[in-house]
Amino acid sequence: MPGIDVVPTRMPGTTAAGNPSLKKATKTELNDLYLLMVSGYVLVTVKEALATAPAIGSVHIVAFRQTRPDAYGHVSAEAVLAASFTRGSLTGIQWQTANAIQILNDASTELVCIQQGAARELKPIDPGANPEIGELLAAVDVETNS
């Protein structure tokens, strides 16, 4: 997953006089939009997996993003969302009207996603509390452009 820095910092709005404007987004709006984007990426990937492998009945997915570089310039991967879906749980979804977060919450059979604080910031999943995710993290090789 890309980091939150891909989310635009300005949102369309209107002035008190009704004129169009671009207002600065609040932290909550940025975090909500970021979770919507991550959820969308997850759902597209799940749908692709089910479409390309018609014999499988379920998909388990973990969304990773790169950490910011530490003092030595090293980056690693952190899991920000994990979910499981059955093929049947996606049947009947109103894709045109439901948003990705709603679909994720309603259709996943297991969901690990940590939002923290009043701004609902998407936090990394603790690999110590989720050993299977920790094993996946250990296998992820993060490429850097340095």
Side-chain angles (χ1 to χ4, degrees), residues 1-13 20-146:
M1 293 290 142
I4 195 167
D5 54 327
V6 299
V7 176
T9 57
R10 299 214 169 257
M11 304 292 236
S21 70
L22 287 174
K23 67 178 183 94
K24 185 172 168 121
T26 66
K27 285 186 179 185
T28 302
E29 289 171 328
L30 291 173
N31 289 326
D32 287 347
L33 191 56
Y34 181 62
L35 179 59
L36 187 63
M37 183 199 71
V38 169
S39 300
Y41 273 93
V42 165
L43 290 172
V44 165
T45 304
V46 168
K47 287 181 72 174
E48 286 177 353
L50 292 171
T52 57
I56 64 171
S58 63
V59 173
H60 307 284
I61 187 166
V62 178
F64 297 100
R65 68 180 174 200
Q66 273 188 356
T67 61
R68 287 195 159 75
D70 63 14
Y72 301 98
H74 300 116
V75 294
S76 59
E78 59 187 11
V80 292
L81 190 145
S84 296
F85 297 87
T86 63
R87 186 177 293 278
S89 69
L90 297 175
T91 304
I93 288 184
Q94 311 253 321
W95 297 99
Q96 298 81 8
T97 56
N99 78 31
I101 297 170
Q102 181 182 16
I103 295 168
L104 193 73
N105 284 319
D106 292 348
S108 63
T109 55
E110 297 176 45
L111 177 62
V112 181
C113 176
I114 303 165
Q115 289 182 281
Q116 192 174 56
R120 298 191 293 269
E121 182 181 356
L122 190 58
K123 293 299 207 178
I125 298 169
D126 178 11
N130 299 277
E132 292 171 333
I133 292 174
E135 289 177 29
L136 285 173
L137 280 171
V140 173
D141 183 22
V142 179
E143 294 182 23
T144 59
N145 296 328
S146 44

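Since the structure is predicted, the reported quantities are computational estimates derived from the model, not experimental observations.
Annotation: salt bridge (charged side-chain N to carboxylate O under 4.0 Å, His left out) contacts of Lys23 (sequence neighbours excluded): Glu29.
Residues Ala119 and Asn31 share a closest heavy-atom pair of O-ND2, 2.8 Å. Nearest heavy atom pair, residue Pro124 against residue Val80, reads CA-CG1, 4.5 Å. Listed here is the closest heavy atom pair of Gly134 and Pro127: CA-CB, 3.6 Å. The minimum heavy-atom distance between Ile133 and Ala79, with the atom names listed, is CG2-CB, 3.5 Å.
Rounding to the nearest 0.5 angstrom, the gap separating the OH atom in Tyr41 from the CZ atom in Arg65 is 14.0 Å. Distance CD/Glu121 to OG1/Thr28: 10.5 Å, rounded to 0.5 Å. Ile125 CD1 to Leu136 CG: the interatomic distance, rounded to the nearest 0.5 Å, is 10.5 Å. One distance of note links CG of Leu33 with CD1 of Ile101; it measures 8.5 Å at 0.5 Å rounding. Within the model, atoms CG of Leu43 and CD1 of Ile93 stand 7.5 Å from one another, a figure rounded to the nearest 0.5 Å.
No donor-acceptor pair under 3.5 Å is formed between the side chain of Ser84 and the backbone N or O of Thr109. Between the side chain of Arg87 and the main chain of Leu50, a donor-acceptor pair closer than 3.5 Å is present. A donor-acceptor distance shorter than 3.5 angstrom exists from the side chain of Ser108 to the backbone of Leu104, with no hydrogens or angles considered.
A side-chain contact (heavy atoms from CB on, under 4.5 Å) with Val42 is found for exactly one of Lys47, Met1, Met37, namely Met1.
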Could you please spell out the steps behind the side chain to side chain contact (heavy atoms under 4.5 Å, CB included) verdict for Leu35 and Cys113?
CA-CA 9 Å; Leu35 179 59; Cys113 176; 3.8 Å; yes

Check against side chain to side chain contact (heavy atoms under 4.5 Å, CB included), Glu78 and Ser76:
CA-CA 7 Å; Glu78 59 187 11; Ser76 59; over 6 Å; no

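Counting heavy atoms from C-beta on, the side chains of Val142 and Phe64 never come closer than 4.5 Å. In this structure, the side chains of Leu111 and Leu81 come closer than 4.5 Å at one or more pairs of heavy atoms.
Applying the 6.0 Å contact sphere to CD of Gln115 captures more than 12 heavy atoms from other residues, nucleotides or ligands.
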